[in-house]
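Just below is one structure, and these are the notes that go with it.
The basis for the numbers below is simple: all heavy atoms, side chains too, and nothing from hydrogens, waters or symmetry mates. Computed from a prediction, not measured in an experiment: that's the story for all the values here. Along the sequence shown, residues are numbered consecutively beginning with 1.
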Amino acid sequence: MGEIFYLEKEEATIHREKITDIAREKVRFDEAVIAAKAQLQKLYEKAKKEVGEAEAAIFEVHEMMLDDNDYLESVYNIIENQQVCAEFALAQTSQNFARMFREMDDDYMKARGADIEDISSRVLRILSGKEEGRKLQKPMIIMAYDLAPSETIQLDKDKLLGFVTQKGSTNSHTAILARTMNIPAVINTEIKKEWHGKQAIVDGYNGEVIIEPCQEEIEKAVARMEEDENKIRLLKELKGKESITTAGRKINLYANIGNVADTAKALQNDAEGIGLFRSEFLYLESQTYPTEDEQFQAYKAVAENMAGKKVIIRTLDIGADKQVDYFNLEKEENPALGYRAIRICLQEPEIFKTQLRAILRASAYGNISLMFPMIVSVEELRKAKSFLEEVKEELKQAGIPFKDPEVGVMIETPAAVIISDQLAQEADFFSIGTNDLIQYTLAADRQNQKLDDLIDNHHPAVLKMIEMTAKSAHAHNIWVGICGELGADTDLTETFLEYGIDELSVSPSRILAVREKIRSL
């Protein structure tokens with residue numbers, strides 16, 4: 001709650017200026033690119049400290065985009081052939097590339113158009129000698145047509161009460177940063193310039209913006225803010241307490257992580273283990289296939305840091321919205337239903353076995369389990385397990401120590417739910433990936449902002465799938481957990497316990513809130 005600051009972005013006026021010294025203009029552009037990459041490196045370091053390595057990665061991606069030969073050659077070509085200034089050549093290239101991405105069918109690729117505009121604007125500001133970013137003089141609510149991730153991370157968190165944007169989706173980098181930084185935000189809503197200077201309430205829970213609230217609305221907002229502050233104080237008291245119901249039932253409460261650095265957040269929030277280590281981030285953050293030793297060191301570090309607590313590593317889940325250039329995957333009309341995750345691993349045994357060797361070697365240093373994503377048949381699971389057995393035999397022959405880890409199946413397709421009674425006979429545990437399960441059950445792409453209203457996390461069909469999976473698991477004496485974002489939905493915690501869910505794995509920041517809910521039941 002506070003005063004609105006309408007952030008009107010200055011659109012640079014780019015003139016088509018003829019130049020005679022082509023070489024000098026190229027040097028100007030090159031120097032601006034170098035300066036832009038230096039800025040992005042600083043942003044990456046700032047973001048890594050404030051929101052973690054996984055969310056800071058967007059700035060590394062932007063830095064890499066500034067090394068793209070097609071992008072750079074386009075600017076050079078326009079400068080040389082049209083004999084124009086670097087500013088005009090860059091603006092033309094940005095417009096052309098952004099349009100190209102936005103006309104693609106894939107929603108992930110469409111979103112790259114905004115990234116092109118962001119990095120181009122940065123270089124243009126440097127070329128024109130304009131300062132980067134704005135500073136708030138007092139705590140205020142930012143209102144803007146759109147906010148780039150770089151603009152969001154540069155805002156002074158102590159003075160940013162919240163923000164409202166007309167553009168964007170709940171899955172955008174900016175929205176993810178807002179959630180990670182715990183900043184109230186409402187996106188994809190109409191804004192008006194005349195609201196500048198007016199008082200407002202930004203309700204990030206319900207997606208509402210109240211302009212010039214009445215006294216009753218102010219009192220309600222104050223009461224809710226006090227309730228939030230009290231909850232934070234209460235949650236601090238829960239550290240070190242067990243996640244156990246009033247009836248004495250223990251629920252394992254684990255954390256989802258994307259890299260080694262995230263282990264610190266898991267420990268700070270008193271996670272009882274790691275329920276989902278998204279191993280694909282090792283591939284996303286690398287310029288080429290990570291070696292067995294590189295992977296081993298990462299898995300070993302997490303296992304050692306967790307000091308005997310369970311660490312569940314999900315094998316490679318590349319594809320769909322997580323593309324890696326060096327995999328040379330062909331473009332697909334519907335990547336979410338395409339060549340991804342276990343399907344790639346079973347077709348690329350050397351890549352798969354390299355990862356399995358690294359996981360098994362690391363198992364000697366802690367309590368490691370592994371699970372296979374996107375399983376839709378018993379045959380897939382058996383084939384994946386056969387590769388695991390081959391690797392075990394190779395390590396035995398080489399005299400390399402390892403433990404025999406639990407092997408789990410991610411239940412994230414309706415097919416896996418329906419045959420879960422058969423899969424349970426081949427697995428040690430189930431982990432329900434609700435993010436994909438919801439999109440496949442409801443036939444609604446979670447990357448498509450037009451379908452946000454269709455993504456009903458409480459849909460009866462989704463809940464029925466979870467219940468069916470839990471029954472199949474317990475009928476065959478294996479445990480079952482939830483590792484998707486739905487696991488952190490405290491409105492459903494009681495329902496999950498009624499279904500017999502044994503474990504919940506959530507974002508580190510949600511652990512204590514879920515623990516509070518469990519202990520109240």
Are [X] and [Y] within salt-bridge range, i.e. N to O under 4.0 Å?
X      : Y      : value
Glu216 : Lys220 : yes
Lys310 : Glu272 : no
Asp270 : Arg515 : yes
Arg224 : Asp203 : yes
Lys385 : Glu426 : yes

Please give me the minimum heavy-atom distance between [X] and [Y], naming the atom from each residue.
X      : Y      : answer
Ala303 : Val311 : CA-CG2, 4.2 Å
Leu360 : Pro405 : CD2-CD, 3.6 Å
Leu161 : Pro184 : O-CD, 3.5 Å
Met410 : Cys483 : CE-SG, 3.5 Å

Report summary line: Checking Val186, Ile141, Val202, Ile187 against Phe163 for side-chain contact (heavy atoms from CB on, under 4.5 Å), the one that qualifies is Ile187
Query - His476 side chain vs Ile478 backbone, donor-acceptor pair below 3.5 Å - result: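 Flag not set: sc His476 to bb Ile478 has no pair under 3.5 Å.
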**Report entry** Heavy atoms from other residues, nucleotides or ligands near NZ of Lys471 exceed 12 (cutoff 6.0 Å)
**Finding:**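 Incorrect, the count does not exceed 12.
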Query raised in the report: Heavy-atom count around Glu467 CD within 6.0 Å, excluding the residue itself: above 12?
Result: yes
